[in-house]
Amino acid sequence: MNNMKSIMKIFAAMCLVMGVAASCTREEPVANEGNMRVQRQIDHYNAELTGAEYGWIAEINTVLGGIHTLWMGFDDNGKVNMYFDYVEYYRELETTKYESSYRIKPMQLPTLSFDTYSFLSIFSDPNQLNNGAGQAGTGLGADFEYEILDYKNDVFTLVGLKNSQNATMRKATQKEYEAVAAGSLMANVDNAPAYQPCYHTFSYKGVSYDLVSNGRSTGFMSLDGGSAVLQAKGSMVDFDGNIVMMEPLVLGDTEVSYIAKTGTGYSINMGGEIIPVNRSVEPVVSLYGNQPKDLYFQLLVSNNMQNRWSSEYFFTYRQALQNIFNWTLENLGYGGYYLIYTKLNFYLPGEIGVECGHYLYQNGELNTESFVAFEFRFDITKNTDGSLTFSNDWIMYPSGNPDDADIIRCMTPLIEYYAGNRFFVKSWPVIMAGNPMVALIPADNRELGVMVGAPVE
């Protein structure tokens, strides 16, 4: 009997082993087949990426910085070359191609990974000195690894792994590649309405609007009882200068997804009715001056606005900040002046003050109880095209301090930014605390960039 029990146990164990083996035999082919299917898909995607003769145009969404356009060219050795459109901070790289590496990883979905530093990495760089308009620690909130959701009609549809930002890549034409190599990605942004030496206005159903667009965000601004009303959405400027909306704007019951560039400005197709958007020397929403419709007399630009909304002006501002901080810290004996804002004070008639406000830096921290401000006052002339020209000469207020010459030397980058130069005061496609943010746009062909701020209540 005991022998029979032993035999039965051995038989049961053998059955168990055979069952497991059979199970493994059944599952291994299934797993292998799945892996092979994923690998075939990856091989297909790689062949498409490397086989595109003129590369790919990528449209990359970011959390803070709107939509950026890049050109990418992939080779068989895991290398990718890129051009990008970040003219606000990297104008000098307009025609520079940057090489990094890539691979498609077999994750839950095939995942396109840019695994060394590239132009794409700049958008997510935690260092504000590199990410430009982004935040410290997170950058613009961009991705550098993308799940491939779909590929059809020569277009990859992607979604970022970390920030869930959408992206697309489509095959470039020869004409587009040649334009990109000549610098058109940055030129497209440079040609957005905000940077043109004029205003853009139109009327629809008895209401007048400003077209406000920096290329990455576009909107319609109007007046309602003396207050500015803005509707704005993400956008991009295509190779022909047209504005393509990522989400439609709405006027009445009509959605606006496309604003066409024309010889006289732009046009909008409103349900078959073509509405011209014309160049103008006056905006609908006047931003300064002495008329009842004017919104305010002071434009404040603080440090956090600089980081998020400005372009090369940020570097001018930062140089002045560093100059005044270092000199006062070394020479005053009681702390350093830390520049926290500049403010444009519009005086009437024909005078403007550039006010610079500082906290005192003492014992390793900013003393918000100790505040120092001085102002450089210019004459301004309003030109027939609607722009303002700052005088070459200026006066410092208050004056008579023995340190004036050194303070002026420290603040020279900001003083020279304004002196003798011509600007448009324009709406930026953002409302902040109920007021439109405003850009001071250089009107001449200069690379000083843009100063953006908000009105003072």
Side-chain angles (χ1 to χ4, degrees), residues 34-35 37-86 90 97-127 130-135 137-172 176-177 180 185 189 216 234-236 238 244-247:
N35 291 337
R37 185 170 60 251
V38 170
Q39 190 58 50
R40 284 195 299 269
Q41 201 172 26
I42 289 174
D43 291 343
H44 172 59
Y45 291 158
N46 273 319
E48 291 293 331
L49 287 177
T50 59
E53 184 177 3
Y54 301 110
W56 299 83
I57 302 296
E59 304 293 348
I60 304 295
N61 279 272
T62 65
V63 175
L64 293 180
I67 296 177
H68 284 269
T69 304
L70 299 90
W71 176 91
M72 300 182 184
F74 300 83
D75 70 17
D76 293 323
N77 299 313
K79 300 297 183 183
V80 55
N81 282 283
M82 298 184 186
Y83 293 101
F84 74 158
D85 68 350
Y86 208 2
Y90 289 92
K97 191 185 291 185
Y98 191 95
E99 182 182 90
S100 60
S101 63
Y102 79 96
R103 59 182 171 138
I104 301 179
K105 300 195 293 188
M107 301 177 68
Q108 187 171 1
L109 289 174
T111 298
L112 179 57
S113 175
F114 300 91
D115 46 14
T116 57
Y117 202 87
S118 67
F119 283 161
L120 191 60
S121 308
I122 288 172
F123 304 134
S124 55
D125 196 308
N127 187 340
N130 296 331
N131 67 42
Q135 294 181 340
T138 59
L140 293 173
D143 288 291
F144 54 87
E145 289 190 310
Y146 292 89
E147 287 185 328
I148 301 175
L149 301 181
D150 190 23
Y151 177 67
K152 61 184 178 183
N153 301 325
D154 294 335
V155 177
F156 281 98
T157 302
L158 313 169
V159 64
L161 282 183
K162 182 178 180 181
N163 292 296
S164 301
Q165 293 299 294
N166 295 325
T168 61
M169 292 197 312
R170 62 171 178 81
K171 284 186 179 179
E176 287 173 334
Y177 171 69
V180 166
L185 290 184
V189 179
R216 308 192 195 285
S235 63
M236 57 169 285
D238 70 15
V244 181
M245 302 304 303
M246 298 301 105
E247 296 180 57

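In this chain, numbering begins with 1 at the start of the sequence shown. What you see is a predicted model; the values in this text were computed from it and never measured.
- Between F119 and Y98, the two ring planes are tilted [angle within 30° to 60°].
- Separation of atoms CG (L109) and CG (L161) is listed at 9.0 Å; rounding is to 0.5 Å.
- F114 places a side-chain heavy atom less than 4.5 Å from the side chain of M72.
- A donor-acceptor contact closer than 3.5 angstrom links the side chains of T69 and E59.
- Of all heavy-atom pairs between V38 and P106, the closest is CG1-CB, 4.0 Å.
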Item to check | Test side chain to side chain contact (heavy atoms under 4.5 Å, CB included) applied to L70 and F123, step by step | outcome: CA-CA 12 Å; L70 299 90; F123 304 134; 4.0 Å; yes

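- Heavy-atom minimum distance, K97 versus Y177: NZ-OH, 3.5 Å.
- We find the CD-CG distance between E145 and N163 to be 12.0 Å, quoted to the nearest 0.5 Å.
- In the displayed structure, F156 atom CZ is contacted under 6.0 Å by more than 12 heavy atoms of other residues, nucleotides or ligands.
- A distance of 10.0 Å separates CG of D85 from CD1 of I60, quoted to the nearest 0.5 Å.
- Judged by distance alone, the side chain of W71 and the main-chain N or O of Y54 form a donor-acceptor pair under 3.5 Å.
- Residues Y117 and I122 have side chains in contact (heavy-atom distance under 4.5 Å, counting atoms from C-beta outward).
- Pairing each heavy atom of T62 with each of A142, the nearest pair is CG2-CB, 3.9 Å.
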Result block: side-chain N/O donor-acceptor pairs under 3.5 angstrom for residues 73-81, not counting sequence neighbours:
residue: D75; atom: OD1; partner: N77; partner atom: N; Å: 2.9
residue: D75; atom: OD1; partner: G78; partner atom: N; Å: 3.3
residue: D75; atom: OD1; partner: K79; partner atom: N; Å: 2.9
residue: D76; atom: OD1; partner: T50; partner atom: OG1; Å: 3.3

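- For the atom pair CG (L49) and NE2 (H44), the distance works out to 9.5 Å, reported to the nearest 0.5 Å.
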Checklist entry - Can K171 and E53 be said to form a salt bridge (charged side-chain N to carboxylate O under 4.0 Å, His left out), step by step? => result CA-CA 9 Å; K171 284 186 179 179; E53 184 177 3; over 6 Å; no

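- The closest side-chain heavy-atom distance from K105 to R103 is below 4.5 Å.
- S118 and M82 get closest at one heavy-atom pair: OG-CE, 3.7 Å.
- Closest non-hydrogen pair, E48 versus W56, comes out as O-CZ2, 3.2 Å.
- Nearest heavy atoms, A172 versus I57: CB-CG1, 3.8 Å.
- With rounding to the nearest 0.5 Å, the separation of CG in L158 from CG in N61 is 11.0 Å.
- The aromatic rings of Y86 and F84 sit perpendicular, their planes meeting at an angle over 60°, well past the 30° parallel limit.
- With hydrogens and angles ignored, the 3.5 Å screen pairs no side-chain donor or acceptor of D150 with any backbone N or O of T157.
- Here the straight-line distance linking atom CZ of R216 with atom CD1 of I67 works out to 9.5 Å at 0.5 Å rounding.
- Screening residues 159-170 for salt bridge (charged side-chain N to carboxylate O under 4.0 Å, His left out), with sequence neighbours left out, gives R170-E176.
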Next on the checklist: One pair to check against side chain to side chain contact (heavy atoms under 4.5 Å, CB included): H68 and L140. What are the steps and the verdict?
Outcome noted: CA-CA 11 Å; H68 284 269; L140 293 173; 3.9 Å; yes

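- Side chain of Y151 to backbone of I148: no donor-acceptor contact under 3.5 angstrom is found.
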